[in-house]
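Following: one structure in structure tokens, then a few remarks.
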Amino acid sequence: MSLAALLATTEPTNVWQWLNDSSERTVTGDIPTQAWTTLWHSVLAFVIAAAAAIPLAAVLAHFRKAEVLSTWLVNIGRVIPTVTIVAVFVIISLRNGYGFEPWPIVFALVLLALPPLYSNTYTAVRDASPEAVGAARAMGLTELQILRRVELPLATPLILAASRVAITQVVATEALAALFGGTGLGQYITFGIANRDIYEVQAGAVLVAGLAMSVDLVFWFVTRFLVPKPLRPAPANRRPIHRLRPVQPINRNTPSLGGTP
Amino acid sequence: MTARRKATYAVVLVALAAFGIWAANRVSGLSEDTQATNPLFRWEYLFTRERTPGELWGKTRQHLELTVVPVLIGIVLSSLLSALILRFGWLRSVVFTFAGVLYTIPSIALFAVLVTYYSNETAAITALTSYTLLILTRNFVAGIDAVPRAALDAADGLGMSRFQRLRKVEIPLALPVILTGIRIATVTVVGLVGISAVIQLGGLAIYIFDGFNRDYTTLMVLGTVATILLAVVLDIVLRGIEWLATPWARRRVAP
Amino acid sequence: MTGTAIELRGVTKSFAGADHPAVAPLDLTVNAGEITVLIGPSGCGKTTTLRMINRLVNPTDGVITIDGTDIRQRSLTDLRRAIGYVIQQIGLFPHRTIAQNIATVPKLLGWDRARTNTRVGELAELVGIDASMLKRYPSELSGGQQQRVGVARALAADPPVLLMDEPFGAVDPIVRAHLQDELLALQARVHKTIVLVTHDIDEAILLGDRVVVLNVGGILEQVAAPDDLLASPANGFVASFVGNERGIKRLSLARVERLALDAGPVVDRLASGADIKAAADAAGVDWVGATESGRLAGWVPVEDLRLDAAAPLTGTELRPVVAQLRPSSSLRAALEVILTARSSTALVADEDGTYLGSVTLETIRSGLAS
Amino acid sequence: MKNRTTTRRWRALSLLAVVGVLALASCSDNKSDAGSDGSTKTSTGSGEFADAIRISSADFSEQKVLAQVYGQYLQDQGIAVDIQDPVGTREQIFKALDDDKLDLQLDYSGLAVGFLGGTPTADSQETYDALVPLLKDKGLEASEQSEAQDGDALVALTSWAEENGVTTISDLSGVDGTLTLGGAAECADRPQCLQGYKDTYGLDLKFKAVDYGPPLVAALKADEVQVAQYQSTAPEISTGQIVELTDDKGLHVAANVVPVFRSAVSTPELIKALNTISAAITTEDLAAWNQATDVDKEDPTDVATKWLQDNDLLK
């Protein structure tokens, strides 16, 4: 047996070998392609969710409308398992001839990102400094101007923080698409499971987690340099301290954690 | 005002209903023979099929078990972790960074990797427990952190020992945040249990995967509704426990 | 008299990383049954000093004794349970009812339920908390009520020593004045050894039997009774700290009883015209007060009297005395009366109305000078 | 202090509630029936459970029916069985047999031979003869195979096949554009699937993983895939929605239903019972079962019972 043949038949013995051996991916597709698929699904879903949730929540919060809705939205978001949504959407999509991708997974991810984005924006705008809002109103700003020039800028740090957690979550969850005929990085995981290739599964996990963390980092970077300093989310060590660094509890106002990774 | 509000609700309800009917029609498929043999939901599956109640209960129990056991283990581990964090400050960022990374690992992968080392149940419980750690530890620590400085000072000044202070002041005062953490962890795990179907567990989500596999929407609807109901019921039960356990937090007559 | 003396001998506290000690070697004696007030600017270590007494802060050096016993010889919890502790933020436990809050130390000490309940009832009455409030939670009470509960909780196990760290700092001025009066009234009944920290000189002067003025770094500047402090500040720091109105402050502190009273233009109702004239002239006023069997009955202008009658005041209608003071009246009140009275003289009578003498600006001036 | 007692009582109650939920959860034993579509586990009473023969199947309808048919019959013959939830893929099934978590499964001869590293052919007997020694190496045995076959089939939509004039697999090379093959994820690594079409037919197919069963047909209809690796007994073939492309170069191998079990549980009674069923099943039966489960949405359990009754196999 030639050396080349021997090499070709050598199965990887750890996840790094798997990642280095592109012949492992002749069927599942190369990593950049799959990463790109996962990425654009996630970003598209996030953009749709943000475009729908943030303006709506901001306007409703300004006028103090639908307060109960915003509380319930988070609860509902937490209760509905994303895996279910993907499955149901794929069936709907197939029956209507739209195929496995991308709409089912994108819409499922939109549903995942909507509640935390909506409720965090709502809370942030509602709790924006009442003194500043009062002063703005006294100076004769219209309601829309108050929203745009006072409340939204004040709410920006919290909205950005929520967005960052949401998009990270969305990327990590996109892997579910592969369970129902989708592509993307999750494919390595499902193929690995089907063929009992533990390294392929591990590689899939590493890649998805890596992409999620990269997106998290990029988002942090963008906020770091595009957002004026006072509006950035306060770094942990500059928050009011009590004993060391206080930890934010996870509650109904917590960004994301609304769905299932 | 109330009339306007009623009108708003009515419009919203009508819109939702219209959307529901439209969606149901789309889901039911376009061809008539599919409509006949495979409607969105076959009520007889739920009401006349003899095996359904037993199966449903069996799956619910599995789902409940896969939810409650990880949360319980998570509570124990998180208590220890929180104690360590509160004792050794430097652990704080280490633990939370690690837990945050853990949270980005897709659950399908975690299940699949763990099942090569452990049995299905152990793998599922391990994976699900790890997802509860971030939520639980974060809330445990945050709860204790948020105890008013003055209450601690008073407790010390009145001569409570360190342990008495923890037991009589810190934990009771952190209880609302701690219980909220447990509730959120529980509800989150209910959703995650479904993904353990990739290792032949999955509780109620088996219905969803099975239904997908057989193009049988009845099973999918049943699985979805049952999962959501389970989550809602657990949520309500835990809210009830929160309410009962913190009588002081709900009585707030303005002085 | 219950109470216990506290001694601080060479007590020092240095915090890690700080250039200067928070409390320089400090010698201080806190008398039993008195209210000793620690006062000074921010960073003077007054709170640190207070917290060293119940070992919430451990001294770097030096010895603190309570009733002659070194506090380090007692277990931390025993020591603290024997010392009442009241803080500015009150620190009530929000998850326990008012009754449970008050019962904290008795429970820690293992009292039985009956004894605890009785004690809670007593304390509620003592600090003026209505029994119906005992079942409520702290968040349902006003700030003033909460602080009363804080005091009750500190007194629960009847500790001989009470430490109070700016106890009235968080309540509004009206409530504060109330609580200060109540504390004085309470102290008159319980006679605890109280160490109280404040940054409010008026509060210090009002409440303190003795005032301890500390400078930044825990340097002891002066220990004195409030009046002495105002009368003769030890140095420029104390003088500036007590402020340039210290004469005025003394006025509110000192009482009429400490003045050497003049006889005043007051005569018995049966006095002769000559006596009346003499009394009015001696006091330099155009009126005269009258007493009946020693009690002040009223006054009348001299010109209204027929001085040639045998007893001009009998049968004359007397006017009620407005410019009247009691021995317990502050000099400030005396001054007010003098300034608004018809002439520069106020009359002093005790609770029974027995005439004691008169006060003029000169009386006050010489009284403060002494 | 009535209030304090009340608080204490509430606290005790809430504690009780927590304990109750926990107890409920921990009491639920793992062995409870959890099959979603009638794959109810059948144990023969307590005590004997450990000795029961554990039967499982791959995760699609025909396999579930097969497990039920054999299982119910064995039970009727007085042999203790425990019909478990589907295990997943063949890879997972053999792992479970290896790990002593499973005793009996119903496989397809050629596919099993291929999986175990042998060379299956289109001839049933040859393939069966190849299977037996391969199984022996793993401590497994096979009883007699059935004449019923459910081999792999490469299928396409009937309309698509007509449009493109495709009737055989070789015809696919004449179709313009890149074709995508749909199949279960494990198809990618199997010699009779993606690799086979490449090596034997020289087809350069893209591959898309789709759940086995009706989703494959849905994928064909959605034109996500143009051809799919499906089963020759698929109900959609009988209804004419899809058409099986002729395997003109003989890639697909004999795929007779064959019971595979661990030698440790082998007894003459067991083999006799298995043989009885194997002899009774026909290829038409398999297609009928698939029609019943996947199209008419009947429970595999019911389909199995009905078939056994119709064939007078139950006492």
*For B:V198, is it the side chain, the backbone, both or neither that has a heavy atom under 4.5 Å from a heavy atom of chain A?*
both

*Nearest-0.5 Å distance that lies between atom CG in A:L112 and atom CD1 in A:I85*: 10.0 Å

_Contact leader toward chain B among A:T168, A:L211, A:I198, A:D216, where contacts are heavy-atom pairs under 4.5 Å_ = A:I198

*asked:* For B:T224, which atoms come within 4.5 Å of any heavy atom of chain A: side chain, backbone, both, or neither?
replied: both

*Region of A:Y188 that comes under 4.5 Å of a non-hydrogen atom in chain B*: neither

*Salt-bridge test for B:D145 and B:R92: reply yes if a basic N is under 4.0 Å from a carboxylate O, no otherwise.*
yes

*Counting only heavy atoms closer than 4.5 Å, note whether B:A205 contacts chain A via side chain, backbone, both or neither.*
neither

*Check: A:E174/A:S42 side-chain N/O donor and acceptor closer than 3.5 Å*: no

_Partners meeting ring pair (Phe, Tyr, Trp, His ring centres under 6.0 Å) with B:Y9 (sequence neighbours left out)_ = none

*At a heavy-atom separation under 4.5 Å, does A:A212 approach chain B through its side chain, its backbone, both, or neither?*
side chain

*For chain B, which of A:G186, A:G192, A:G204, A:A87 has the most heavy-atom pairs under 4.5 Å?*
A:A87

*asked:* Going by ring pair (Phe, Tyr, Trp, His ring centres under 6.0 Å), name the residues that satisfy it together with A:F107, two or more places apart in sequence or in a different chain.
replied: A:W103

*Rounded to the nearest 0.5 Å, what separation is found between the CG atom of A:L94 and the CZ atom of A:F89?*
13.5 Å

